[in-house]
Amino acid sequence: MKFSHPDFPESFISRIQSQLGSGSELFFESLQNESPVSVRINPEKKITLGDSIIPWCSTGFYLDKRPSFTLDPLFHAGCYYVQEASSMFLEQVFLQLGLSEKKLLILDACAAPAGKSTHVASLMSEESLLVSNEVIASRIPVLKENIIKWGNANVLITNNDPSAFSSLENLFDVILVDAPCSGEGLFRKDKNAVEEWSDSNCELCSLRQQRILTSLLPALKQGGYLIYCTCTYNPKENEENIKWMTENFEIECVELSLKDEWGIKTVREDKALGYSFLSHQAKGEGFFISVLQKKQGDDSFQKMKSKTTHFSQLNKKFEQLNSWIGNNTSYSLVHKNEIIVALHKEWIDTIKFLGLHLHLIHSGTCIAEMKRDKAIPSHEFAMSTLLNKNCFPQHELDHEHALKYLRKEDFKIDLPEKGFVLITHQQHPLGWINHLGNRFNNYYPSSWKIRMK
């Protein structure tokens with residue numbers, strides 16, 4: 001039976017009918033329903049939120065209804081990330097391949113707005129380093145904001161075209177490509193995705209994805225894993241691209257274990273293997289993911305040491321700042337221009353190396369800014385899991401006053417001491433104030449402040 005619907009292009013409908021056969025009617029019915037609302041909890045900033053757990057992600061939860069996240073102070077504290085449930089399947093990749101137990105250098109090649117990057121930051125070991133790259137410069141601010149709120153110090157942010165990574169041969173243990181795609185999986189939640197869809201755009205997306213993959217594969221080590229995913233149902237962008245990779249490169253698909261009750265479809269075509277989330281079978285939006293392992297290349301790091309560096313050793317008179325991070329011996333405090341940054345000791349040479357070859361936007365955690373020989377604690381540090389809260393006076397705000405703080409509105413605070421005070425809500429840091437006695441200066445970033453009333 002031929003199906004038609006005014007919301008969807010006829011060629012899209014025809015292709016889905018060909019793909020799904022008798023299941024296409026249930027599929028199109030599901031697109032008339034509301035999208036599930038889901039969040040992923042930051043395991044380093046534990047809170048209770050959600051009504052039922054997402055079965056393939058231990059930190060993911062469905063919500064019965066969509067609240068106003070903008071008006072929740074815990075959202076601004078980085079306690080959770082609002083993310084589509086299907087995308088959280090990334091946890092299964094890390095768990096089933098044992099990636100969470102290893103020291104890895106990981107690249108998220110198409111990172112903004114940071115859904116996958118914040119998830120990887122939670123899944124990887126404390127000894128691993130993540131490079132979150134975004135090619136579109138205008139998307140860097142939201143990527144940086146979300147990374148900072150999540151609070152992991154072992155994340156770098158770069159702004160490069162995928163071609164910039166081709167010369168970094170055999171460097172990364174894992175490369176994640178959440179590829180720009182035709183966005184069919186977003187049809188029921190984003191009308192713009194429907195309006196922008198066309199057969200020709202699907203073809204362009206497939207070619208763009210192949211260019212991205214071709215540029216990135218040299219940077220993957222022998223035995224390293226490529227995680228490829230899209231938010232579309234289109235075979236040209238999914239299994240056909242996987243097949244193209246297995247036919248043109250020394251790389252092969254890795255099989256993952258699924259549970260029947262998850263409702264995830266296994267897709268096989270010759271040597272191609274992937275997993276498809278269909279909105280009438282799995283509780284989530286459209287999503288495709290495949291994992292491949294590189295079989296050819298070098299398995300050793302490049303030489304990392306370089307004569308050029310933009311870091312300098314911390315001045316001895318500021319060594320007491322080590323107590324701010326609980327004297328954590330895994331990290332070094334270094335000067336970077338006028339700021340003090342915490343970097344994981346084992347990755348400093350790698351960070352220097354990457355800084356020479358890539359447009360490095362952000363590295364480590366900014367602890368403080370130097371002003372007239374005084375260390376002013378940074379907002380980034382307030383969000384960081386490195387923060388030793390015992391080093392600072394704290395002031396807890398209720399929901400009403402927390403929103404006033406996040407809006408940078410005036411209100412009164414009665415405090416016994418002057419100086420920098422850590423503002424919290426439900427014991428989770430929101431940022432700093434400088435208490436001057438009869439008033440205070442609000443150090444919450446102006447560009448981040450809540451504008452919704």
- Query: Are Phe288 and Ser290 close enough, and set up right, to give a side-chain contact (heavy atoms from CB on, under 4.5 Å), and what steps lead you there?
  - Reply: CA-CA 7 Å; Phe288 175 88; Ser290 181; 4.0 Å; yes
- Task: Check the pair Lys221, Lys294 against side-chain contact (heavy atoms from CB on, under 4.5 Å), reporting the backbone distance first and the verdict last.
- Result: CA-CA 7 Å; Lys221 291 168 63 175; Lys294 189 175 182 180; over 6 Å; no
- Test side-chain contact (heavy atoms from CB on, under 4.5 Å) applied to Arg407 and Lys449, step by step: CA-CA 5 Å; Arg407 291 184 175 117; Lys449 72 177 183 179; 5.7 Å; no
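Centroid-to-centroid, the aromatic rings of Phe440 and Phe411 come within less than 6.0 Å. If you look at Phe392 and Trp324, their ring centroids are closer than 6.0 Å. For Tyr80 and Phe75, the gap between ring centers is short of 6.0 Å.
Both cation-pi conditions hold for Lys283 and Tyr62: the charged atom is under 6.0 angstrom from the six-membered ring centre and inside a 45 degree cone around its axis. Taking the centre and axis of the six-membered ring of Trp347, the NZ or CZ atom of Lys352 falls outside the cone set by 45° and 6.0 Å.
Within the 3.5 Å criterion, the main-chain N or O of Glu285 finds a donor-acceptor partner in the side chain of Glu84. Not a single donor-acceptor pair under 3.5 Å links the side chain of Thr365 to the backbone N or O of Ala342. Although no hydrogens or angles enter the test, the distance criterion places no donor-acceptor pair under 3.5 Å between the side chain of Thr385 and the main chain of Ala153. Here the side chain of Lys295 pairs no donor or acceptor atom with the backbone of Gln222 at under 3.5 angstrom. Remark: the backbone N or O of Trp244 is paired with a side-chain donor or acceptor of Asn248 at under 3.5 angstrom. Checking side-chain atoms of Asn159 against main-chain N and O of Val135 turns up a donor-acceptor pair under 3.5 Å. With hydrogens and angles disregarded, no donor-acceptor distance shorter than 3.5 Å links the side chain of His428 to the backbone of Thr424. A donor-acceptor pair under 3.5 Å is absent between the side-chain atoms of Arg66 and the main chain of Val37, judged by distance alone. Without hydrogens or angle criteria, Thr230 side chain to Cys181 main chain gives no donor-acceptor distance under 3.5 Å. A donor-acceptor pair under 3.5 Å is formed between the side chain of Glu237 and the backbone N or O of Ser182.
Scanning all heavy atoms of the two residues, the minimum distance from Thr59 to Glu91 falls at N-OE1, 4.1 Å. Taking every heavy atom of both residues into account, Arg139 and Ala112 meet most closely at NH2-O, 3.3 Å. Across every non-hydrogen atom of Met452 and Ser68, the tightest pair is SD-OG, 3.7 Å. Closest approach of Met383 to Gly431, counting heavy atoms only: CE-N, 4.4 Å.
At a cut-off of 3.5 Å, with distance as the only test, no side-chain donor of Asn42 or Arg40 sits close to an acceptor on the other residue. If you check the side chains of Ser163 and Asp161, you find a donor sitting under 3.5 Å from an acceptor.
Within a 6.0 Å radius of CG in Asn192, more than 12 heavy atoms belonging to other residues, nucleotides or ligands are found.
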Scan the side chains in residues 142-152 for donor-acceptor partners under 3.5 Å anywhere in the protein, sequence neighbours excluded, and list what turns up.
| residue | atom | partner | partner atom | Å |
| --- | --- | --- | --- | --- |
| Glu145 | OE2 | Lys149 | NZ | 2.8 |
| Asn146 | ND2 | Pro113 | O | 2.7 |
| Asn146 | ND2 | Val142 | O | 3.2 |
| Trp150 | NE1 | Thr118 | O | 3.0 |
| Trp150 | NE1 | Ser122 | OG | 2.9 |
| Asn152 | OD1 | Asn154 | N | 2.7 |
| Asn152 | ND2 | Ala121 | O | 3.1 |

Quiz: residues 374-382 side-chain donor-acceptor pairs under 3.5 angstrom, not counting sequence neighbours:
| residue | atom | partner | partner atom | Å |
| --- | --- | --- | --- | --- |
| Ser378 | OG | Cys366 | O | 2.5 |
| Ser378 | OG | Phe381 | N | 3.0 |
| Glu380 | OE2 | His362 | NE2 | 3.2 |
| Glu380 | OE2 | Cys366 | N | 2.9 |

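In this pair, Tyr331 and His344 present their aromatic rings perpendicular. The plane angle is above 60°, beyond the 30 to 60° band.
Remark: Glu346 engages Lys103 in a salt bridge, criterion side-chain N to carboxylate O under 4.0 Å. A salt bridge does not link Asp108 to Lys116: none of the charged nitrogens lies less than 4.0 Å from a carboxylate oxygen.
Side-chain contact between Asn241 and Tyr228 is present, with heavy atoms from C-beta onward closer than 4.5 Å.
By the ring pair (Phe, Tyr, Trp, His ring centres under 6.0 Å) test, Tyr405 pairs with Tyr444, sequence neighbours left out.
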